[in-house]
Amino acid sequence: MATYKAPLDEIGFVLFDVLGYETAVRPLPGFGEAGADLVRPALEEAGRLCEEVLLPLNRGGDEEGCRFENGVVRTPDGFKAAYDAFAAGGWSGLALDPAHRGQGLPRTLHFAVMEMICSANLAFGIYPGLSHGAADALHLHGTEDQKALYLPRLASGEWTGTMCLTEPQCGTDLGLIRTKAVPDGEGAYSVTGTKIFISCGEHDLADNILHLVLAKLPDAPAGTRGISLFLVPKVLVGDDGSLSERNGVRCGGIENKMGIHASATCTMHFDEAKGFLVGGAHGGMKAMFTMMNAARLAVAIQGLGVAETACQTAVAYAKERRQGRALSGAKEPEAAADPIIVHPDVRRMLLTMRSQVDAARVLACWTGMELDAATRHPDPERRKRADDFVALMTPILKAHLTDLGTECANTAMQVLGGHGYVREWGVEQLVRDARIAQIYEGTNGIQALDLVGRKLPQGTGRLLRRFFHPLDAFIKEHEADPCLAPMTGALKKAAERLRGATLTIARKGLSDPEEAGAAASDYLRLFALTAMAWAHAKTVVAVLPRAGEPFGQRKIALATFYMTKVLPETGALFARIMAGKGPVMGLEAEAF
Amino acid sequence: MVGKVAVIGAGVMGAGIAAQVANAGVEVHLLDIVPEGAKDRDALAKRAVARLLKTDPAPFMTKRAARRVVPGNIEDHLERLRDCDWVVEVVVERADVKRALYARLLPHLKPDAVLSSNTSTLPLAVLKKGMDEDLRRRFLITHFFNPPRYMRLVEIVADDETDPRARDAVAAFCDRALGKTPIPSNDTPGFIANRVGVYWMQAAIGHALRLGLDVEEADAVMGRPFGFPKTGVFGLIDLVGLDLVPYVDASLARALPESDPYHAERAPFPLLLKLVEEGYTGRKGKGGFYRLNREGGDRLKETVDLALGTYRPARKAVLASVDAAKAGGAAALLKAGDRGGAYARAVIARTLAYAIGLAGEVSDDVADIDAAMRLGYNWKKGPFALADSLGLANLKAMLGTEGVAVPAFLDRAIEAGGFYREEDGRLRRLALDGGYVPVERPDGVLLLEDVKRRSDPLAKNASSAVWDLGDGVLCFEIRSKMGTIDAEVLGLMGALPGLVAETGARGVVVYDDGGAFSAGANLGLALFAANVGAWDQIEALVEGGQRAYSALRYAPFPVVAAPSGLALGGGCEILLAADAVQAHAETYAGLVEVGVGVVPGWGGCARLLARYAADPMRPKGPVAPVAAAFEQIGMAKVARSAFEAMEMGLLAPGDGITFNRDRLLADAKAKALTLAGGYAPPEPATLRLPGPTGRAALGLALADLDKKGQLTAHDRAVTTELAGVLTGGDGADWTAPVSEDDVMALERAAFMRLVRTEGTLERIGHMLETGKPLRN
Ligand SMILES: Cc1cc2nc3c(=O)[nH]c(=O)nc-3n(C[C@H](O)[C@H](O)[C@H](O)COP(=O)(O)OP(=O)(O)OC[C@H]3O[C@@H](n4cnc5c(N)ncnc54)[C@H](O)[C@@H]3O)c2cc1C
């Protein structure tokens, strides 16, 4: 089984020391009680649940998987009990509106809890994760009646949610949706069509499932502008919230797939199912984007969670496994061999993982804090700035952190050697589980296009201002400090590359979108690596007072490794971006 | 020669015509009847002038122009006609009333005075019935379009009896003094523009109803994609007035023979009558097909549902055909399968066929018909040019599927290869006989589009080009959208001295054919660079602009700026840097930089100071120019005409003003040639500026405004920087003159400080998104 201890100290350090949670989040309206004295125990509680309940189920869930029997999906042994414990603990509605029985706690805290859940049991986390996304969409776009009826049960975990976008002919390109919704004359709609790959579309964890379905009205214009969003409950609900008859929704089967076996990936048939419009007619993309943005950040955190577990497992193994001798002479001559952690190449792998995972966590929590500011801050200008930052970082985190999840799982496998490839240590499951996060919720390629095609031009680069201006100010503030010079120097170099690449893409992409498209993935990675360098520099600033302690030394060492061994990749990325679209678009399709 | 004018009838059109005559610097009598029992017998004309002063967009170019309108009445003041060279009648559209009036006027007219009617519905022949022999040869129709200051068309209807000298004198006055384009029209119902335009509107209404389009949908189709005004037809009717529609329709229908295809397009439209009855006469009333509903406290945009006849919230048209037009233009729209495409085909096929069929009836000259629609209805292309651009064979096929008869002249054009053709660098039009004849430009008209037809640019890049106008004058053209100025424009501007030397040219005109001379710096590029913190790029743009503008000013050849439309910010700074300006009367100039949170950075501060200091008409002393510049720039004042620009000192006393847009380039070229003889570049100005004491004084003035709550937080930041620049910076002092370059260095530094602030970037972003300044 994979090794995992909830990194409570690390999370606390990031929130309270690096990011200043107490001055940034706690003063926000409604969060007065959510200070360190509440957050720390809550994290401990969540950590315990993850370590003691979810982690032990992970292996069995993978091996047993979900089963489809007579239209019903059975989750693996122990999942129902775990889900009940989860709901009873109040975790389902952690960051949901207290007006509808949510806990009303900060997103920042939710992000940290989600990370631990994904570290312990990625497949399990998908069930409550989707409920949270559905609740967000209803909260922002639903009518008051819809909210009153459905939100409390999502918050309590009694019911779960899904998002139904994908159809056989329609994956990335949602304009191709065929599912139809026809007004039924009584204010509701009759929804008909088939959706595939629907996570948690059917299961036995909760009494009801609320499907949020994209479909087209009869007079819908072509393309994504003609999509509307419908709420289609598995079981219809009376005005008092009581369950009545089954709706015309059924599961036609579940997928056999590479990983997340405990998460049911369902084919869903809607057969004149009763649906309720959420948001305006043809306003489905807008409503769904709310859900997708939240979901994209949630998927980013899946990547982070898996990466953390991979990293912990590899470190534990590398300290125990003895092979060969240190190149500088035996470290533990009394033993038959030194632990493999003495080898430079093993250290390279471990540090590559750890230095990136720690920085990724800083970025994720930072974005969570901005998300809180975007919804709660009393100053509308500040809210808008925070919203811009989150909008900018969302595709970057989704793509980069899920890439990191796969990268770390594979690197961990390399550290474990053959023992990583076989099942026992749990690393091969991590590799399989992590992989989907790069694909769903918009493939990582699509995230890169979102970044260059939407986020860059938005407000003529306004979103970028929320990154570059504070970054430049940070560098300016600290570059004179000799202790920080190695950090700020490297950071500045990366920042200049990112700036140059941004201007080039904006200039070329204006006249030729293919130029932007050809640079997109490299650009997103350049952005992410630069942002992580900033996260490291911030970390070092926070840890300077403790530079003499082991914790401080560790952080400085990790930052130094990152700046010197990881960040230089930005040079290669810059060169790749500058090469333009020629090398990518030159070859005719037939010539491949 | 027309020296004095009288306008009889002080309604909207009469008053508007009088205002434009006054704008041209000509005294004009405005006479109307004496209202029954009136105390003030001139009340109608006086009221009209008062209304003119309140109208937006303003009919007068300056307040002073209003004083040239002399109000009076036709009972007491007909003797005033005695020294008028031209009398325009603009009274009710009733032949009997008009004819009776003419008889009353006759004894008072100067022997060679010309009398014209502004009728839009009555034929010349009808008006002349029973007219005195002598008057018949100096009577004609001059048909203006509303609003007369801004619409460039005047249709001239004369006949065989008309003395060509009388006709030409009035046409020349309309052309040169009033800036209109006189288009001769036959004496046919609706003349040219309304004949085509009203048909188009009727067809556009009728087929929208038939095909079940929304108001928004119809307007999205029948507007921008075809180069029609973006209001579309329903929006246009709101503008002209719903009540006019049935009236115009009825009078045209009455005048046209039964065989005219117009009758087939007349559809009953009870909803329109109902709206008019309820006071929804359009923008002049409570609203029309669109209205702003203020009931709930906020301003809700609403639209009439054509089926139900009630208002509902406005919505954006969502049509695949309109989307297709964005990429594929009008041709793609006409191919679309949805109701937008069907609508476009129905209306365009009929309108173009109708217009083509009118050649030979309303006018023999297709270029004149096209010009009438461009200048009278604001179409980007007239019907013949539009037909050419759609492809005549396509059009014929479309007529087939629409079941519209193919006009013989269309077949002739298909045979010949188009209504227009370019040959030897000249534009030619198809004559009725199937041959091509050159499109003639009047004397003194030089169009850059003609220069482009006959020659290649001497140099060009994405945003600008240099053309040879002949006679040793080059034209620097800013070709970017709205004439915005970027590094490319500045680069080519910097290359001008070299090009002039190479070609042996003697002068340069800065000019473009578009609707805007220059809206200023390309803010989009600057904002993006600022957002990513690429300050060096922005500083390079500021420095580059200063260098390029100074290079123009101190080059060994004269530079004449010839603006029309917007000349804002960096565009206005070109006017200040040029040796001279020849401005179209419709020039809207101003240093509006503070609206986007910066100070003028391309020498505008330095040159405006120098100009105010050197102007003998302005108050003397070192404080006055600084205070004046501070007010002008600090309040982002925009001149609403070239005359106002002159009052504000944005144009200099020796600068020229041209009323006719088509004559602007030739006038500017002539000015450059005049200056070229014995030209010596100006000396750089030295300025006496007050320094910190002056800054403190301006600070007090600001504090005063602040106390009154007239300054926002960021206004304070921006105007404080502006005060620093205009007073010469920390080191300045009355006794130590500073150079233009010193002030420009201050401009640069202040600009760079401001552009780093959040407030400024928010202002720029807001301007780009909404076109309006942000008060933050
Ligand atoms: C386990 C699992 C769970 C899932 N859960 C859900 C769910 O709960 N709800 C749901 O609606 N869907 C779900 N999906 C579907 C998932 O979101 C889609 O698979 C994903 O969006 C990609 O669509 P596709 O598979 O059709 O790939 P395609 O869209 O066919 O893409 C194939 C490749 O082409 C690239 N590509 C496509 N278009 C472009 C473009 N315009 N520019 C550049 N590259 C492009 C993609 O990046 C990808 O690399 C799930 C899928 C899986 C496997």
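Using a 4.0 Å cut-off between a side-chain N of Lys or Arg and a carboxylate O of Asp or Glu, Glu370(A) and Arg466(A) do not qualify as a salt bridge. A salt bridge links Arg499(A) with Asp472(A); the closest basic N to acidic carboxylate O contact falls under 4.0 Å. Note on Arg454(A) versus Asp450(A): salt bridge recorded, some NZ/NE/NH1/NH2 to OD/OE distance being below 4.0 Å. Salt bridge status for Glu216(B) with Arg312(B): present, with a side-chain N to carboxylate O gap under 4.0 Å.
With a threshold of 4.5 angstrom between heavy atoms, Glu381(A) approaches chain B through side-chain atoms but not through N, CA, C or O. For Leu527(B), the parts lying near chain A are the backbone and the side chain together; criterion is any non-hydrogen pair under 4.5 Å. Only the side chain of Arg225(A) comes within contact range of chain B, judged by heavy atoms closer than 4.5 Å. For Arg385(A), the part lying under 4.5 angstrom from a heavy atom of chain B is the side chain only.
Among Glu758(B), Glu769(B), His766(B), the residue with the largest count of heavy-atom pairs under 4.5 Å with chain A is Glu758(B). Options Gly524(B), Gly533(B), Ala320(B) differ in how many heavy-atom pairs under 4.5 Å they form with chain A, and the most are formed by Gly533(B). Interface remark: of the candidates Asp338(B), Leu319(B), Asp323(B), Ile764(B), Asp323(B) forms the most heavy-atom pairs closer than 4.5 Å to chain A.
For the residue pair Asn776(B) and Glu762(B), no side-chain donor N or O sits within less than 3.5 Å of a side-chain acceptor on the partner.
Ring-centre distance between Trp535(B) and His469(A): below the 6.0 Å cut-off.
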